[in-house]
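Worksheet: one structure, shown below.
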Amino acid sequence: MNTPSHTEPGTADAPGPDAPLDLAGIGIGPFNLSLAALAHPLTDLRTAFYDQHPAFQWHPGLLIDGATLQVPFLADLVTLADPTSPWTFLNYLKARDRLFPFYFAERFHTHRAEYDAYCRWVSENLPTLHFGHHIDAVRWNHERHLFEVDFTQLDADGEAEALGRTYARNLVLGIGTAPHIPIPLRPLAEAPAVPVIHSADYLHHRERLLAADHLTVIGAGQSGAEIFLDQLRARPAGRENLHWLARTPAFAPMEYSKLGLEHFTPDYTRYFHALPERVRDELLPAQWQLYKGVDHDTLAAIHDELYRRTLDGGWPGAVLTPGVQVRTAGRVGTTKVELHLEHTHQGTRSRLTTDAVVLATGYRERRLDTLLAALDPYLRRDASDRPRVDAQHRLVLDPAITGSIHVQNAERHTHGVGTPDLGLAAWRSATILNSLTGTTPYPLPTRTAFTTFGLTHPPSPHPTVPRQTSHLVPRH
């Protein structure tokens, strides 16, 4: 589906090329795609979203055959804010004539590849999305009281084609996360001839990794477990030659009890945001099993596959060791990697020689500083020099900036473990839209959990919108 140019953000009464947007989105991942979908019916709100990629993509290197999401299908882009939206997962199934097969499949958790296909369907039909646009700079124009967004339009090969600029009263940043590579392994990961890759690129290198005589997977989260299982299933019994290492004290299951899942509700998000900064920083690392553990079924599948390989006697050639960190790493000859390991609790050290390494070491939030370099003097920061983010997911700015900058998946330090969770995407998008409009196009529930977090009543999810939040000029 063709999308309009950046000067025609898809409203019924498209204004002239110099008219400012009410909201410009930078980055089109699931979270900003959710916001674009929920903003679509709000015809008085002029929006446009930009991304440098030629089309929507969501972790293409991890769409392993059979891998499923760890959230139910109701955690799509819009349902938990507006189940009547045309952009629901169920409506996607209906549009593809797959509603009855899904019904009889009785699946609560969808395939990861299916979620990716659903998001691409939404992205191909929303008129406010502009792919192939690299954002070069963001500034505040004090005379016009608008954000200036400079971009480079890219051709199909990713080469610069044209320069452009758009103006917006408000911004929302959804620039996503970047693969994290531990410092000891960065020189090897950056060397093209050495097979040390991040899990984000796993499928692109899968055949090469299968051909490696010995493979080491580092990281005990869901990605590490899925990659270990995929390699285990594809290797001959007795010649697995696999190591799975992790810093965590165990290959632990994700906390998936029903009351445990209430940490991913708006109620908990509001509670966490109201805690002192010091308490939040102490709490997050202790909650790793809420979002860094492994799905129970994946752990069971790994154990079943290992057990099956003992039926004829002997043990499979697979070593699973938690509580281990990589101190240093280097090359041995031209084709092998040597890992220098230390066991956290034993205090013992050893060396492991391997032919290839997959780093399932997670992701880190991309720093906002580069993109917002021109606005750095206006950003308010906490004691650890991180941007402060208010309850409506807005960066706290100097009063000289009268526009708002909302962030998506860049506020775990202020909003807690639910920040990267797909299940809170629609609620956060609705919160942002309610804040921007100063109204409630998406009424939100006042209570979402049976657990009462804290000893005082949580604040209302519909606070009075401060002066900064509404910068929409009525059009006549």
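Values below: every heavy atom of this structure, side chains too, minus hydrogens, waters and symmetry copies.
Using a 30° and 60° split on the angle between ring planes, His243 and His214 fall in the tilted class, from 30° to 60°. The aromatic rings of Phe100 and Tyr103 sit perpendicular, their planes meeting at an angle over 60°, well past the 30° parallel limit. Using the six-membered ring where Trp is involved, His109 and Tyr256 have ring planes that are tilted, between 30° and 60° apart. Classified by interplanar angle (parallel below 30°, tilted 30° to 60°, perpendicular above 60°), the ring pair Trp87/His40 is perpendicular. Classification of the His59-Tyr363 ring pair by plane angle, with boundaries at 30° and 60°, yields tilted. Aromatic ring orientation, His415 versus His273: tilted (interplanar angle from 30° to 60°).
Counting only N and O atoms by type, the side chains of His406 and Gln408 include no donor and acceptor under 3.5 Å apart. A side-chain donor-acceptor contact under 3.5 Å links Asp82 and Thr84. Side-chain contact, Thr448 with Asp267: a donor N or O sits under 3.5 Å from an acceptor N or O. A donor atom on one side chain and an acceptor atom on the other are found under 3.5 Å apart for Gln231 and Tyr202.
For an aromatic pair to be called close, the ring centres must be under 6.0 Å apart, and His53 with Phe131 fails this.
Two residues are said to be in side-chain contact when any heavy atoms from C-beta on lie closer than 4.5 Å; Gln289 and Pro253 meet this criterion. With a 4.5 Å cut-off on side-chain heavy atoms, Leu379 and Leu368 do not count as touching.
Partner Glu114 forms a salt bridge (Lys or Arg N to Asp or Glu O under 4.0 Å) with one of Arg96, Arg120, Arg98 and no other, that one being Arg98.
Ionic pairing of Asp304 and Arg308 is not present here: no N-O contact between side-chain nitrogen and carboxylate oxygen is shorter than 4.0 angstrom.
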